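In what follows, a structure is listed as structure tokens, so that the remarks can point back to it.
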Amino acid sequence: TENIIKSLLKVEEVKVSKIADVRVDLNGDNNPDRFGETVVVEGYVTSASNAAAPGNTFFDVIYIQDETAGLTVFGVSSLNLKLGQKVRVTGKVSSYLGDAQVALDNELLDVEIIDESINLVEPKLMTTLDSMLESKEGLLVKVKGNVTRIEGQNIFVNDESGESRVYVEGYIGSSVNPGADEWKDRIKVGDYISAIGLASEDPEGHRLRVRDSAEIIIENVVDPTEPTDPTNPGQEIIDIEDLKNKDGKNEINVDGISK
């Protein structure tokens, strides 16, 4: 039924843009230069929809990432979009709280799953300082460091390069240890941790927006192995950087994606 509706309402085809091109802000006003323009982007889901992962999602928002950058997609409330699926999105370029985004008019018409297989995007490991850069917004990021302070829903982490603010929404839970704010019983000032989140912005400034509190982990001082998805430890994780070099029919490449 969805495909029939889409074909009946088909409008002039818009060329697919790379996410980095949609995010360009040459005048530095914290709004994309293509603000208000209708664009089409493709990417792998790095923050699922509520229908796919209740408790580990953000209200009406998913995040996607291609080999160039990441982006917020606003207006997703009922579609079942899983981590690692590849989607094509049509929407208007806008921003919210300083974050570039694509806003949907109708999610049933504006989002298409073009690859249902699961190809998880590997978080990009950064210094705590670099994780707070404007240029990193939209990316799935991992940081490691010592917890220097905890204020409300914010965990401040520093690897001696500068603080990173790891932010956990009050409604975000853990995929392995159910319970609201379960991380508050585990994480203390002085702990050496790793944390995964979406680089983004709010009125307090830059942050890593945690999608699953199970991805805040107390680490050994000696770095462990590469990032894995705690909910699906056996699934393959791909590196998006590979996508820049391979074009094979059965080959995908996205900063942390390979298939």
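Values in this document were obtained by computation on a predicted structure and should not be read as measured data.
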Does some side-chain heavy atom of [Y] sit less than 4.5 Å from a side-chain heavy atom of [X]?
| X | Y | value |
| --- | --- | --- |
| Val141 | Pro123 | no |
| His206 | Lys136 | no |
| Val157 | Glu163 | no |
| Val16 | Val41 | no |
| Val89 | Glu42 | no |
| Pro203 | Leu97 | yes |
| Leu198 | Leu139 | no |
| Leu81 | Ile113 | yes |

- Task: Under the salt bridge (charged side-chain N to carboxylate O under 4.0 Å, His left out) rule, collect the residues that match up with Arg207, sequence neighbours excluded.
- Result: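 With neighbours one apart ignored, the set is Asp202.
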- Of all residues at least two apart in sequence or in a different chain, which pass the side chain to side chain contact (heavy atoms under 4.5 Å, CB included) check with Ser135?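 Per chain and number, Ser135 pairs via side chain to side chain contact (heavy atoms under 4.5 Å, CB included) with Leu133.
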- Partner set under side chain to side chain contact (heavy atoms under 4.5 Å, CB included) for Tyr171, not counting sequence neighbours: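 Scan of Tyr171 (side chain to side chain contact (heavy atoms under 4.5 Å, CB included), adjacent residues dropped) gives Phe58, Phe59, Glu169, Arg209.
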I need the minimum non-hydrogen distance between [X] and [Y], along with the two atoms involved.
| X | Y | answer |
| --- | --- | --- |
| Thr127 | Asp159 | CA-OD2, 3.2 Å |
| Met126 | Ser131 | SD-CA, 3.9 Å |
| Arg34 | Ser17 | NH2-OG, 3.2 Å |
| Arg165 | Gly205 | NH2-O, 3.1 Å |
| Glu137 | Gly98 | OE1-O, 3.6 Å |
| Val111 | Leu79 | CB-CD1, 3.6 Å |

- Message: Assess the residue pair Val61 and Val76 against the criterion (side-chain contact (heavy atoms from CB on, under 4.5 Å)); give the C-alpha distance rounded to whole Å, side-chain angles, the decisive distance to 0.1 Å, and a yes or no.
- Response: CA-CA 6 Å; Val61 159; Val76 179; over 6 Å; no
- Checking side-chain contact (heavy atoms from CB on, under 4.5 Å) for the pair Ser174/Asp212: CA distance, chi angles, key distance, verdict? CA-CA 5 Å; Ser174 166; Asp212 182 348; 4.3 Å; yes
Salt bridge check: are [X] and [Y] linked by an N-O gap of less than 4.0 Å?
| X | Y | answer |
| --- | --- | --- |
| Lys86 | Glu116 | no |
| Glu219 | Lys144 | no |
| Glu151 | Arg149 | yes |
| Asp181 | Lys184 | yes |
| Glu215 | Lys142 | no |

Counting only N and O atoms by type, is there a donor-acceptor contact under 3.5 Å from the side chain of [X] to the main-chain atoms of [Y]?
| X | Y | result |
| --- | --- | --- |
| Gln85 | Val45 | no |
| Thr128 | Gly162 | yes |
| Asp66 | Thr68 | yes |

Quick check on the hydrophobic clustering: are [X] and [Y] connected, directly or via other members, by side-chain heavy-atom contacts under 4.5 Å?
| X | Y | result |
| --- | --- | --- |
| Val22 | Tyr96 | no |
| Ile216 | Tyr167 | no |
| Leu71 | Phe35 | no |
| Phe156 | Val189 | no |
| Ile19 | Val24 | no |

- Query: Does the pair Ile114 and Val87 meet the rule for a side-chain contact (heavy atoms from CB on, under 4.5 Å), with working shown?
  - Reply: CA-CA 5 Å; Ile114 55 179; Val87 296; 5.8 Å; no
What's the separation between atom [atom1] in [X] and atom [atom2] in [Y], rounded to the nearest 0.5 Å?
| X | Y | atom1 | atom2 | result |
| --- | --- | --- | --- | --- |
| Asn146 | Thr148 | CG | OG1 | 8.5 Å |
| Asn56 | Ser47 | CG | OG | 9.0 Å |
| Lys188 | Ile218 | NZ | CD1 | 9.0 Å |
| Asp33 | Asp25 | CG | CG | 5.5 Å |
| Thr46 | Tyr63 | OG1 | OH | 8.5 Å |
| Ile196 | Ile217 | CD1 | CD1 | 6.5 Å |

- Check the pair Ile150 / Trp183 against side-chain contact (heavy atoms from CB on, under 4.5 Å), numbers first and verdict last. CA-CA 11 Å; Ile150 297 174; Trp183 62 271; 4.1 Å; yes
- Query: Near Phe74 CZ, under 6.0 Å, is it more than 12 heavy atoms from other residues, nucleotides or ligands?
  - Reply: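 Counting other residues, nucleotides and ligands, CZ of Phe74 stays at 12 neighbours or fewer.
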- Query: Should the heavy atoms of other residues, nucleotides or ligands under 6.0 Å from CG of Asn30 be counted, would the total exceed 12?
  - Reply: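 Count over threshold, so yes.
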